Amino acid sequence: MASFTLHGIPVSRGISIGRAHLLTPAALDVKHYLVPEEQVEAEVKRLQDAIAEVHRNLQELWTELPKEAPTELGAFIDVHVLILSDPMISEAPLDIIRSRHYNAEWALVTQIDELSAQFDEIEDEYLRERKQDIQQVAERVLKVLMGTALSAPPVPEEDHFQPQMIVVAHDISPADMLAFRDRSFVGFVTDVGGQNSHTAIVARSLDIPAAVGMSQASRLIEQDDWVIVDGDAGVVICNPSALVMEQYRARQANLMKARKRLLKLKKTPAVTKDGTPITLLANIELPDDCGPALEAGAVGVGLFRSEFLFMGRGAQGLKVPGEDEQFEQYRKAVLAMKGRPVTIRTLDVGADKPLDQTEHTALNPALGLRAIRYCLAEPQLFLTQLRAILRASAFGKVRILIPMLAHAFEIDQTLGMIEQAKAQLREQNIKYDAAVEVGAMIEIPAAALALPMFVKRLDFLSIGTNDLIQYTLAIDRVDYEVAHLYNPLHPAVLNLIAMTIEAGHKAGIDVAVCGEMAGDVKLTRLLLGMGLREFSMHPAQLLAVKQEILSSDLARLVPRTRRILRAMEPAAIAEAVEQLQSV
Ligand code: PEP
Ligand code: MG
């Protein structure tokens, strides 16, 4: 097998080595999980039963056809029966379950996808259009399968699936990525995506090596190929030679050792060399992430991306979570953090985090009805969330964080709605923390340039550098074609961040960075030099950032950082930031 290397964008650190596991877009629309060896035959039977049931349904349809029904209708049912009986549908997916351990739905769509690709190549238009019949038959079977699906896919034990698998797909949505958290995948490779797309962010939070923007990966890499993902360099090596494999295994072992060493810092307070305490907080997607956050020594949650409770439910036929369901989740996080603060960001949907994959998307979603704009346009949904968050505030320290604010009236309306939610709870005699703090994400340049408007009205600020960079440099953070323009060190970006930190400090309110810059060890000293005292990041990054803090001396960093902020030449800035590592 020929070995080849692909270059893309590194998004989640580390090295993983495994077999390629190709995911087609259709496969992502259905549940996809791996069935343990002992359940394989039961899964095969589930698919056989579903096919048999569709057979029976089609036959019933035939016999119930009214006499006056057009003859094409009967012929149409005949075609579907024929397709269903063809071994390509009735047997090939069973082989996929047996050989690859896919669940029944996934095996079926994988086979249909392969057949569809073959049909696309047929010249004869009539025959080519039969592809639709095949898809309709598959949909009938999928519908029956949905009724017999397990409520929770089994979590395979690791040793069932050696060697471990690396997902290769054209694209993966953030919600789908989150669904991978309990599976035995060890790496991700996608054709598209940017460094700070939410898919990349979730990969990082899962602490699994990933590379995106690989352009042709899902076409060039084949199922079961050996693949190395170098998540530090953004490189994917397919079918590596034995020598290369050995080198990467050695690097992987060294990385593991370095990680183990970091664990010793878990209980060490995050204090600079000159004695300044720094607050290290965790970014979480779901309450279960609080475990890893505490494990890494986080002193609170700086960003709970609550939208992940809302996403990816459409495919399972679920609606948005109601007040009680949300309350349970927020309370779970609050209780898990045992008195440490939990900053819950209100629903930030839109752009690359649609509520429902199938929903209509705006022409320019990143500039559209996203985050607080969406919530203010859907007041009932927003009030429901605010009540749920406030109810959780009775169980520990909760702070409310509002995304994507730009206008004073948005802040005022939001604060008004928080008061309204409180009043509703009071009427019902439900407890909440009356002093709950409300903060703003600073992630639109307009906000960073109008800070007095924010500090006057709010209790704290949190800089969302991912969006601040996207909106300052006018590049879509999801689009790999402009990924090379995504530069945290652009002087405009650095100055907006510095201004925000300074304005917060002058007003006597806390300022955090909760964008990906906070977890990048190469930028820790720069942010410290700018005056940042609160960093919020994925738990997996926390100890490495702490290590940087412990060896940093603010007295040396501050004057150098001032010079960096005055510089306008990208090369000089990059060099000066690198030099901060050695002061
Ligand atoms: C940000 O924009 O930096 C941020 C933290 O929010 P998100 O990445 O969820 O948009
Ligand atoms: Mg953001």
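Heavy atoms only: backbone and side chains are in, while hydrogens, waters and symmetry mates are out. Counting starts at 1 for both ligands and their atoms, following the listed order. Remember, it's a predicted structure, so these values are computed and weren't measured experimentally. We count residues from 1, following the sequence as given.
- A salt bridge between Arg391 and Asp324 is present, with a side-chain N of the basic residue lying under 4.0 Å from a carboxylate O of the acidic one.
- A search for side-chain hydrogen bond (donor to acceptor under 3.5 Å, both in side chains) contacts involving Thr199 returns nothing, not counting sequence neighbours.
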Would you mind listing each N/O atom of ligand 1 next to any protein N/O under 3.5 Å, plus the distance?
| residue | atom | partner | partner atom | Å |
| --- | --- | --- | --- | --- |
| ligand 1 | 2 (O) | Glu443 | OE1 | 3.0 |
| ligand 1 | 2 (O) | Asp467 | N | 3.0 |
| ligand 1 | 2 (O) | Asp467 | OD2 | 3.0 |
| ligand 1 | 3 (O) | Gly464 | O | 3.3 |
| ligand 1 | 3 (O) | Thr465 | N | 3.1 |
| ligand 1 | 3 (O) | Asn466 | N | 2.8 |
| ligand 1 | 3 (O) | Asn466 | ND2 | 3.2 |
| ligand 1 | 6 (O) | Arg345 | NH1 | 2.9 |
| ligand 1 | 8 (O) | His198 | NE2 | 3.3 |
| ligand 1 | 8 (O) | Arg305 | NH2 | 2.9 |
| ligand 1 | 8 (O) | Asn466 | ND2 | 2.9 |
| ligand 1 | 8 (O) | Arg477 | NH2 | 2.7 |
| ligand 1 | 9 (O) | His198 | NE2 | 2.8 |
| ligand 1 | 9 (O) | Arg305 | NE | 2.8 |
| ligand 1 | 9 (O) | Arg305 | NH2 | 3.4 |
| ligand 1 | 9 (O) | Arg345 | NH1 | 3.2 |
| ligand 1 | 9 (O) | Arg345 | NH2 | 2.8 |
| ligand 1 | 9 (O) | Lys353 | NZ | 3.3 |
| ligand 1 | 10 (O) | His198 | NE2 | 3.2 |
| ligand 1 | 10 (O) | Arg370 | NH2 | 3.3 |
| ligand 1 | 10 (O) | Asp467 | OD2 | 2.9 |
| ligand 1 | 10 (O) | Arg477 | NH1 | 3.0 |

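- The closest side-chain donor-acceptor pair between Ser551 and Arg525 falls under 3.5 angstrom.
- Nearest N, O or S atom of Glu443 to the Mg ion (ligand 2): atom OE1.
- Salt-bridge formation is detected for the pair Lys332/Asp288: a Lys NZ or Arg NE/NH1/NH2 atom is positioned less than 4.0 Å from an Asp or Glu carboxylate oxygen.
- Classification of Asp467 and Arg477 as a salt-bridged pair holds, one side-chain N sitting under 4.0 Å from a carboxylate O.
- Other residues, nucleotides and ligands place no more than 12 heavy atoms under 6.0 Å from the NZ atom of Lys522.
- For the residue pair Glu325/Gln329, the side-chain donor-acceptor check at 3.5 Å is not satisfied.
- The Mg ion (ligand 2) has an N, O or S atom of Asp467 closer than 2.8 Å.
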